[in-house]
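Take a look at the structure below.
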Amino acid sequence: MSATVVDGKAIAAQVRAEVAEEVARLAVKPGLATVLVGDDPASAIYVANKRRQTAEAGMRSIDRTLPQDAGQEEVEEVVRELNRDPDVHGILLQLPTPPQVDGPALTSLIDARKDVDGLTPVSAGLLAQGKPGLRPCTPSGCMELLRRHGVPLEGAEAVVLGRSDLVGKPVAQLLLAAHATVTVCHSRTRDLPEVCRRADVLVAAVGRAEMVRGDWIRPGAAVVDVGINRTDAGLRGDVAFEEAAAVAGLITPVPGGVGPMTIAMLLRNTLEAFGLQ
Ligand code: NDP
């Protein structure tokens, strides 16, 4: 293996420690509200982690849990109440919601100044226009890993696999803001391996286990693997790790790469949202 393997757990712990240090200096503690609707087991675990790490960073965690059969209006009212509450600085609505609840419509209701997930249309618009705002957590986590490893972005060829609103599009816009030359690929892209081979920085956010092979990677490239795929062999990224690590200069593993960064960036966003209010 030639590539530097990024330790996302360690970097996430560092980010959380920096947030905790800043919070310790504040007279008023930032409050992060999490809204969990229903009893999807994966969502319950994510939200429990978020609540625990919020408390560990010295912030207040405001927990709203609604039943599986909660109606749209009931959840809307919770979001509106949290928007009005001056002690709540960040609001996180855990997706997906049960089928009778329109998750994206609820997300749109969140006050942009409290949008710590960075997923409201207002936050997405600010990012697209290159204006200050709260940025989505997983894409920010990718950028933070690249930054802390000193990966040059200005003028670099960056290729993003995936164009979702959650990961692909925002990560492409963050790379563009960092002055990379960005290509965004998706399911209709012709000759994906050839496009990927151009990349100095390759970000994979596709959701297909080990789709990106070693011979898709330009020697020395920085490879950021956002994918989380449960396979019979265990958790796998979108990149065939061993093959890619033999060619790349830097690579994020799965698990332990991008994954741990998401909550760390959520906490940082909460601190930033606090500053905005
Ligand atoms: P989506 O399913 O929303 O988007 C996947 C994207 O990949 C789409 O743009 C799709 O193209 C593209 N795609 C699918 N198949 C192919 C293919 N064969 N060739 C090229 N492009 C393809 O996924 P998300 O963006 O939400 O998530 C991506 C991955 O990241 C998942 O594994 C997810 O679990 C993981 N993830 C990890 C997070 C973390 O680490 N904390 C957070 C969020 C996600 P098209 O648009 O044409 O359909």
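Start at 1 and go down the list; that is how both ligands and their atoms are numbered. Because the structure is predicted, anything quoted here is derived from the model rather than measured. Hydrogens, waters and symmetry mates play no part in the numbers below; they use all other heavy atoms, side chains included.
Every atom of ligand 1 is numbered from 1 in the order shown, and the set under 4.0 Å from a heavy atom of N229 is 32 (O). Listed by atom number, the atoms of ligand 1 under 4.0 Å from T262 heavy atoms are 39 (C), 41 (N). Of all the atoms in ligand 1, the ones that sit under 4.0 Å from a non-hydrogen atom of V167 are 25 (O), 43 (C), 44 (C). Residue L166 has at least one heavy-atom neighbour below 4.0 Å for each of these atoms of ligand 1: 26 (O), 43 (C). The distance from ligand 1 to the heavy atoms of G162 drops below 4.0 Å at these ligand atoms: 6 (C), 7 (O), 9 (O).
A salt bridge does not link D7 to K9: none of the charged nitrogens lies less than 4.0 Å from a carboxylate oxygen. Look at R197 and E194 and you find a salt bridge, because one of the NZ, NE, NH1 or NH2 atoms lies within 4.0 Å of a carboxylate O, short of that distance. Ion pairing between a basic and an acidic side chain is recognised when a charged N comes within 4.0 Å of a carboxylate O; D63 and R51 show such pairing. For the pair R148 and E144, the salt-bridge criterion is met [side-chain N within less than 4.0 Å of a carboxylate O].
Heavy atoms of other residues, nucleotides or ligands lying less than 6.0 angstrom from CZ of R190 number 12 at most.
For atom 2 (O) of ligand 1, the closest heavy atom belonging to the protein is V206 O, 4.4 Å. Among all non-hydrogen protein atoms, the one lying nearest atom 48 (O) of ligand 1 is S187 OG, 3.7 Å. When hydrogens are left out, the protein atom nearest atom 15 (N) of ligand 1 is R208 NE, 2.7 Å; that is the closest non-hydrogen contact. Ranking protein heavy atoms by distance to atom 29 (C) of ligand 1, first place goes to G207 N, 3.7 Å. With respect to atom 20 (C) of ligand 1, the closest heavy atom belonging to the protein is H186 O, 3.2 Å.
To the nearest 0.5 Å, atom CG of residue L146 and atom CG of residue L175 are 7.0 Å apart.
Between the side chain of K29 and the backbone N or O of L26, at least one donor-acceptor pair lies under 3.5 Å.
With a heavy-atom cut-off of 4.0 Å, T189 does not touch ligand 1 at all. Residue contacts with ligand 1 for V226 involve both N, CA, C or O and side-chain atoms from C-beta outward (heavy atoms, distance under 4.0 Å). The residue M261 has no part lying near ligand 1, judged by heavy-atom distances below 4.0 Å. The side chain of T138, and not its backbone, has at least one atom closer than 4.0 Å to an atom of ligand 1 (non-hydrogen atoms only; side chain from C-beta on).
Residue L161 places no heavy atom under 4.0 Å from ligand 1. Within the structure, ligand 1 has L192 among the residues with a heavy atom less than 4.0 angstrom away. Residue contacts with ligand 1 include G259, since one of its heavy atoms falls under 4.0 Å from the ligand. Heavy atoms of C185 stay at 4.0 angstrom or farther from ligand 1.
Partners of L176 according to the side-chain contact (heavy atoms from CB on, under 4.5 Å) rule, which considers only residues two or more places apart in sequence or in another chain, are V182.
Where the criterion is an N or O separation shorter than 3.5 Å, residue side chain and backbone included, D238 fails it with respect to ligand 1. When only interatomic distances are considered, the shortest N/O to N/O separation between R163 and ligand 1 falls below 3.5 Å. On a distance-only criterion, I228 and ligand 1 share at least one N/O pair closer than 3.5 Å.
In the hydrophobic cluster analysis, where Ile, Leu, Val, Met, Phe, Trp and Tyr join through side-chain heavy atoms closer than 4.5 angstrom, L126 is grouped apart from L134. Both L66 and I91 are assigned to one and the same hydrophobic cluster, defined by single-linkage of ILVMFWY side chains at heavy-atom distances under 4.5 Å. Under the 4.5 Å side-chain heavy-atom criterion for grouping Ile, Leu, Val, Met, Phe, Trp and Tyr, L174 is connected to M265 within one hydrophobic cluster.
Residue nearest to atom 1 (P) of ligand 1, selected from S164, P170, P139: S164 (by heavy-atom distance). Checking R236, M211, R230 against atom 17 (C) of ligand 1, the nearest heavy atom belongs to M211.
Using a 4.5 Å cut-off on side-chain heavy atoms (C-beta onward), V247 and S2 make no contact.
If you check the side chains of R80 and N83, you find no donor sitting under 3.5 Å from an acceptor.
Residues in residues 211-226 take part in these side chain to side chain donor-acceptor pair (under 3.5 Å) pairs, two or more places apart or across chains: R213-E243.
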